[in-house]
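Inspection log for the structure reproduced underneath, given as structure tokens.
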Amino acid sequence: MLASACDRRPAEYGVRDFSTDTLPDAFTVTVAGSLAIGVRSESFQMRPDKSLVLSTPAEMVIARGDGTARIESVNGGRLAVQPLGVTDSAADTTTVEGRVVMLEKPPEMRLVKLTAEKP
């Protein structure tokens with residue numbers, strides 16, 4: 001009975017971050033609002049100001065809340081950001097590329113909106 005109750009977890013939603021180059025790229029994430037995210041990355045590095053630098057490829061999973069996340073390349077390289085669960089056939093239309101990509105999670109909706117702030 002307990003195993004069947006755990007079986008109905010909703011699928012994770014959020015975004016995947018890639019480098020448009022063949023080499024990994026470092027990026028930072030600045031979160032605003034009540035948005036809480038979980039991060040999976042190849043490597044993490046803490047700066048002296050306590051900000052976190054991540055490396056591509058990475059995933060950001062929305063845990064709760066709403067707000068925005070500013071995803072910015074540290075080295076000025078271009079990042080490719082796409083929603084989790086996107087099929088290969090829809091990747092071209094849902095992936096956003098840029099040096100700075102804004103993620104917006106609207107209130108009471110289970111989706112993310114991506115826009116390139118600096119292409």
Side-chain angles (χ1 to χ4, degrees):
M1 184 178 247
L2 185 59
S4 66
C6 296
D7 212 18
R8 302 248 189 256
R9 262 182 31 184
E12 292 180 333
Y13 73 105
V15 294
R16 283 195 175 98
D17 303 307
F18 301 97
S19 172
T20 58
D21 195 359
T22 56
L23 299 173
D25 194 7
F27 67 96
T28 61
V29 179
T30 306
V31 179
S34 63
L35 187 63
I37 57 174
V39 179
R40 298 179 189 127
S41 177
E42 288 294 317
S43 68
F44 296 87
Q45 178 183 0
M46 184 73 71
R47 289 181 169 171
D49 66 354
K50 302 295 184 198
S51 63
L52 191 62
V53 177
L54 308 161
S55 177
T56 58
E59 289 184 356
M60 297 178 0
V61 180
I62 307 294
R64 65 181 175 278
D66 55 76
T68 61
R70 186 172 196 260
I71 306 164
E72 183 174 3
S73 173
V74 172
N75 305 323
R78 292 174 54 83
L79 298 169
V81 182
Q82 75 177 195
L84 289 175
V86 170
T87 61
D88 289 339
S89 61
D92 289 341
T93 59
T94 59
T95 301
V96 175
E97 292 184 13
R99 285 181 232 128
V100 177
V101 176
M102 290 298 291
L103 174 149
E104 180 184 348
K105 196 305 196 157
E108 300 179 17
M109 297 180 80
R110 197 175 156 82
L111 61 92
V112 292
K113 179 182 173 187
L114 299 170
T115 53
E117 189 176 276
K118 289 187 182 177

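Only a predicted model underlies this, so the values are computations on that prediction, with no experimental measurement involved.
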Below 3.5 Å, can you tabulate the donor-acceptor pairs from side chains in residues 27-34 to any protein atom, sequence neighbours excluded?
unit_1 : atom_1 : unit_2 : atom_2 : d
S34    : OG     : D66    : N      : 3.1
S34    : OG     : D66    : O      : 3.3

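The structure places NZ of K105 at 13.5 Å from CE of M60, a figure rounded to the nearest 0.5 Å. Here K113 contributes atom NZ and T68 contributes atom OG1; the two are 12.0 Å apart, rounded to the nearest 0.5 Å.
In this view, E117 and R70 satisfy the side chain to side chain donor-acceptor pair (under 3.5 Å) rule, not counting sequence neighbours. With sequence neighbours left out, R99 forms a salt bridge (charged side-chain N to carboxylate O under 4.0 Å, His left out) with no residue at all. Residues satisfying the side chain to side chain donor-acceptor pair (under 3.5 Å) test with E97, not counting sequence neighbours, are R78.
Two residues are said to be in side-chain contact when any heavy atoms from C-beta on lie closer than 4.5 Å; S55 and S41 meet this criterion. Considering only heavy atoms from C-beta on, T95 stays 4.5 Å or farther from F18 through its side chain. Considering only heavy atoms from C-beta on, T115 stays 4.5 Å or farther from V96 through its side chain.
One N or O on the side chain of T56 and one on the backbone of D25 form a donor-acceptor pair closer than 3.5 Å.
At a threshold of 4.5 Å between side-chain heavy atoms, the hydrophobic network of Ile, Leu, Val, Met, Phe, Trp and Tyr places L103 and L52 in one connected group. If you chain together hydrophobic residues whose side chains sit under 4.5 Å apart, V86 and V112 never meet in one group.
The local environment of CE in M109 is sparse, with at most 12 non-hydrogen atoms from other residues, nucleotides or ligands closer than 6.0 Å.
In terms of heavy-atom proximity, P106 sits nearest to L111 at CD-O, 3.6 Å. S73 and L79 get closest at one heavy-atom pair: N-CD1, 3.8 Å. In plain terms, the two heavy atoms of N75 and A26 that are nearest each other are ND2-N, 4.1 Å.
Under a 4.5 Å side-chain heavy-atom criterion applied to ILVMFWY residues, the cluster that includes V61 comprises L84 as well. V53 belongs to a hydrophobic cluster with V74, counting contacts under 4.5 Å between side-chain heavy atoms of Ile, Leu, Val, Met, Phe, Trp and Tyr, direct or through other members.
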* **Audit row: V15, V101, side-chain contact (heavy atoms from CB on, under 4.5 Å) steps and yes/no** => CA-CA 11 Å; V15 294; V101 176; over 6 Å; no

